[in-house]
2 protein chains.
Amino acid sequence: MQLDKLVQFHKALADANRIKILVLLSTGPKNGQELAQHLGLTPPTVTHHLTKLREVNLVTDRREKNHIYFYLKESVLKHYSDSITATIIRKGEPEEMEIKPVSSHEEIVKNFFTKEGKLKNLPSQRKKKLMVLYHLAKGIEHGKKYSEKDINEFIKKFHLDYATIRREFIINGIMYRENGIYELNPKEMWKEIK
Amino acid sequence: MQLDKLVQFHKALADANRIKILVLLSTGPKNGQELAQHLGLTPPTVTHHLTKLREVNLVTDRREKNHIYFYLKESVLKHYSDSITATIIRKGEPEEMEIKPVSSHEEIVKNFFTKEGKLKNLPSQRKKKLMVLYHLAKGIEHGKKYSEKDINEFIKKFHLDYATIRREFIINGIMYRENGIYELNPKEMWKEIK
DNA sequence: ATTCTAATTAGATATTAATCGAATTAGTCT
DNA sequence: AGACTAATTCGATTAATATCTAATTAGAAT
């Protein structure tokens, strides 16, 4: 976890009204009016808080008829909650705040990339293909929504045939798509990737 | 967990330098000079940050010859980290932010207290005595240091014979004492109390 | 007791953040 | 298309917070 991210997350929760919002949302989606009502705040203020919560992917929204409903993303909350200790208590160099994977696993993956970080080609062996796909997925933010264009742009940094790879992401359950919006599959997220 | 506490905790971690301090301390105790050095800050600023971290019991200090060494309290960090999700995601009334225990267990304990909340007497059966002691200990803050006088004052709110009860806390490993400073035993803290 | 050094407190300044009222945007519904 | 309403953006105000320098305290060591 990056230092910035962690700080941003804590800032997001470092306000009583924002925590109240999360608690309210934990009992089910609410629209802006309801939130403003319950908290005794004006709509602009609620928007302000929601913006901060959205920045760290703790809430999403979905329009429904005339209202926009806000949803708590419990998986993201759990993820952050789990990460805090792991991020701070790393026996080793305190300097580096980045995650650095060092599995033999990584050796295999490395063979499919050029020294510039481009993907040479997608492995045909299922297991290796998954490794490569998961490796690519590390660059996708957990809990963030991407348009198809965003995803294409992202993949193109590694390989020109973005369409195939995007399809592989879906087929293998690494991402899922809903109304043209792509997102990492939260259920899959934390079992292979570290 | 109380709303205030949770907010205060997140405020404590909502600053990059404070997180860096925790990371540094996770590799072992450091004194103020070292911290100021590593962070490129002046001693007063370091004190400022340490104050905030101490307020939520994330660090303690101990004097050693000419320096004061600061220690990360990992157990407290883990505790908060575990509490976040539990506190926010409570299926039920979002209004009440307090923990309310409702075990049959509680029935037994209740019999030893008056309706005003005073302790009638300490049970003689070991099991019941422990229940009562643990119940009393809920009012003691996890990770906070208490002087003997503080402890006496606290116990006196429930019973005049503070000396006996204080001794029972120690005997039963609920608290431990070091140089006249009392503290909840972190190891014991989370197995019985909820 | 005096000196030395580390840590804290006090006071000042600048930055960030919370909140609101007014104006604007975005999408629904007739 | 036009009217309606929820949400957002804008601008301003006020409250917190991070940081420093200078002054002070608290122990340790001579």
Side-chain angles (χ1 to χ4, degrees), chain A residues 3-22 24-25 29-56 58-72 145 147 179-181, chain B residues 3-22 24-25 29-56 58-72 145 147 179-181:
Chain A
L3 179 57
D4 287 6
K5 278 274 166 211
L6 196 58
V7 171
Q8 213 191 354
F9 165 74
H10 286 293
K11 283 191 184 194
L13 297 208
D15 179 277
N17 282 323
R18 285 197 288 270
I19 290 197
K20 285 183 191 168
I21 288 176
L22 296 182
L24 285 169
L25 293 184
K30 306 264 174 300
N31 61 50
Q33 309 290 313
E34 295 177 280
L35 291 175
Q37 177 76 66
H38 278 286
L39 298 170
L41 297 174
T42 63
T45 305
V46 171
T47 296
H48 168 74
H49 290 309
L50 285 171
T51 301
K52 298 204 172 242
L53 294 172
R54 271 189 286 221
E55 277 169 6
V56 292
L58 280 169
V59 311
T60 350
D61 52 279
R62 154 181 280 142
R63 182 152 211 137
E64 222 154 285
K65 61 170 206 165
N66 220 330
H67 291 260
I68 294 175
Y69 284 88
F70 300 94
Y71 294 73
L72 170 63
K145 291 164 148 187
S147 71
N179 311 327
I181 299 299
Chain B
L3 180 57
D4 286 7
K5 278 276 167 210
L6 197 58
V7 171
Q8 214 191 354
F9 166 74
H10 285 294
K11 283 191 183 189
L13 297 210
D15 179 277
N17 282 323
R18 284 197 288 269
I19 290 197
K20 285 183 191 169
I21 288 176
L22 295 181
L24 285 168
L25 294 184
K30 306 264 174 299
N31 60 50
Q33 310 290 310
E34 294 177 281
L35 291 174
Q37 177 76 66
H38 277 286
L39 299 169
L41 297 174
T42 63
T45 305
V46 171
T47 297
H48 168 73
H49 290 308
L50 285 172
T51 301
K52 302 209 168 234
L53 294 173
R54 272 188 286 221
E55 277 169 7
V56 292
L58 280 170
V59 310
T60 349
D61 53 278
R62 154 180 281 144
R63 182 150 211 137
E64 222 154 285
K65 62 171 205 167
N66 218 330
H67 292 259
I68 294 175
Y69 284 88
F70 300 94
Y71 293 73
L72 170 63
K145 291 165 147 185
S147 71
N179 310 328
I181 300 299

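Reminder, nothing fancy here: chain letters follow the sequence lines and each chain counts from 1. Just the heavy atoms: all of them, side chains too, but no hydrogens, waters or symmetry mates, feed the values below.
If you measure from atom CG of A/L50 to atom P of D/dA7, you get 9 Å, rounded to the nearest angstrom. Rounded to an integer number of Å, the gap from A/I68 CD1 to D/dT9 P is 10 Å. Whole-Å rounding puts the B/H10 NE2 to C/dA18 P distance at 14 Å. Here the P atom of nucleotide C/dA17 and the CG atom of A/L53 are 14 Å apart, to the nearest Å. Protein atom CD of A/Q37 is 14 Å distant from nucleotide atom C1' of D/dA6, rounded to whole Å. Remark: C1' of C/dC29 and NE2 of A/H67 are 13 Å apart, rounded to the nearest angstrom.
Counting non-hydrogen atoms of other residues, nucleotides and ligands closer than 6.0 Å to CD of A/E55 gives a total above 12.
Between A/Q33 and A/H67 the shortest side-chain heavy-atom distance falls below 4.5 Å. Counting heavy atoms from C-beta outward, A/I21 and A/L39 have side chains that approach closer than 4.5 Å. Residues A/L22 and A/V59 meet the side-chain proximity criterion, which asks for heavy atoms closer than 4.5 Å. Using a 4.5 Å heavy-atom cutoff, the side chains of B/L58 and B/F9 are in contact. When side chains are defined from C-beta on, B/H49 does not count as touching B/L35, because their heavy atoms never get closer than 4.5 Å. Counting heavy atoms from C-beta on, the side chains of B/K11 and B/V56 never come closer than 4.5 Å.
Between D/dA7 and A/Q33, a contact under 4.0 Å exists linking OP1 or OP2 to a side-chain N or O.
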Derivation and outcome, side-chain contact (heavy atoms from CB on, under 4.5 Å), residues B/K30 and B/L25: CA-CA 6 Å; B/K30 306 264 174 299; B/L25 294 184; 3.8 Å; yes

Base contacts versus sugar-phosphate-only contacts with protein, heavy atoms under 4.0 Å: please encode nucleotides 14-30 of chain D as B, S and - from 5' to 3'. ---SBBBBB----SSS-

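Taking the screw axis at each terminus of the helix from C/dA1-D/dT30 to C/dT30-D/dA1 from five consecutive base pairs, the angle between the two is 30° to within rounding of 10 degrees.
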